[in-house]
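Notes to accompany the following structure.
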Amino acid sequence: MSLTSTTRSQMPRQTRSRRIKDWLLYVAIAVLIVISVWMFAMHQARTGGSPNLPLKWLGFAGMTAIVFGYAIRACRQSWGKQKFWALLGLFFAVHSGLGVFVLLRVPVVPLVLYAVLTGIEYVVLAAYLGFFLDGER
């Protein structure tokens, strides 16, 4: 099971109103994220910023959300399978454990490193899920 091998004919048909509702939900989420970041930035500017700002932890949380969010979305047909959620949970535990281990030992993580690692980790997660879920269609 490849995360990108689903063809249009295999995808369930969505009504136009459902696609519009999904799109509006995505826009609302994006607007909330942008407003939250903007408000945080304004607060930091007003208070002079914080030298202890946990950017490495925020970057790790964002990376985690992107990797797992896209994997969950790509594997929609497996949502009803307990094995999918168990495999995803195991990968999440390993991801979180390694992430915390590394972040506790390094003072600063460049944001560009998160960008590179996010893509690599998504490919690894896709291969992992594909390997273990391939025979279960």
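Source: prediction; values computed, not measured.
- With rounding to the nearest 0.5 angstrom, the CG atom of Leu98 is 10.5 Å from the CG atom of Leu103.
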Show, in sequence, the C-alpha distance, side-chain angles and deciding distance for Leu55 and Leu58, and conclude whether the side chain to side chain contact (heavy atoms under 4.5 Å, CB included) test is met. CA-CA 5 Å; Leu55 282 179; Leu58 293 173; 4.2 Å; yes
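- Follow the hydrophobic side-chain contacts under 4.5 Å out from Val109 and you reach Val100 in the same cluster.
- With Tyr128 as the fixed residue, the side-chain contact (heavy atoms from CB on, under 4.5 Å) test singles out one of Leu90, Val123, Leu88: Leu90.
- The environment of Leu111 atom CG is sparse: at most 12 non-hydrogen atoms of other residues, nucleotides or ligands sit within 6.0 angstrom.
- Residues Val67 and Tyr122 share a closest heavy-atom pair of O-CD1, 3.8 Å.
- Expressed to the nearest 0.5 Å, how far CG of Leu125 lies from OH of Tyr70 amounts to 14.0 Å.
- Considering only heavy atoms from C-beta on, Val124 comes within 4.5 Å of Phe91 through its side chain.
- There is a path of hydrophobic side-chain contacts, each under 4.5 Å, that joins Ile35 to Leu24.
- Connection of Trp23 to Ile20 is established within a shared hydrophobic cluster, with ILVMFWY side chains joined at heavy-atom distances below 4.5 Å, either directly or through further cluster members.
- In this structure, Lys83 contributes its side chain and Leu133 its backbone to no donor-acceptor pair below 3.5 Å.
- Taking CD from Gln77 and CZ from Phe84, the interatomic distance works out to 8.5 Å, rounded to the nearest 0.5 Å.
- Taking the side chain as every heavy atom from C-beta outward, Arg73 and Phe68 never approach each other to under 4.5 Å.
- The two atoms that bring Thr118 and Met63 nearest to each other are OG1-CG, 3.2 Å, heavy atoms only.
- A distance-only check finds no donor-acceptor pair linking the side chain of Arg76 to the backbone of Ile72 [under 3.5 Å].
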Between Arg18 and Asp22, is the side chain to side chain contact (heavy atoms under 4.5 Å, CB included) condition met? List the steps. CA-CA 6 Å; Arg18 178 69 181 151; Asp22 285 350; 3.4 Å; yes
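- Each of Leu117 and Val108 belongs to its own hydrophobic cluster when Ile, Leu, Val, Met, Phe, Trp and Tyr are linked at side-chain heavy-atom distances under 4.5 angstrom.
- Note on ring orientation: taking the six-membered ring where Trp is involved, the planes of Trp85 and Trp79 are tilted (angle from 30° to 60°).
- The hydrophobic cluster containing Val106 also contains Leu113, counting ILVMFWY residues as joined when their side-chain heavy atoms lie under 4.5 angstrom apart, directly or transitively.
- Heavy-atom minimum distance, His95 versus Thr64: NE2-OG1, 2.5 Å.
- Remark: aromatic rings of Phe60 and Tyr114 are distant, center separation not under 6.0 Å.
- In this structure, Leu87 CG and Lys81 NZ are separated by 11.0 Å, a value rounded to the nearest 0.5 Å.
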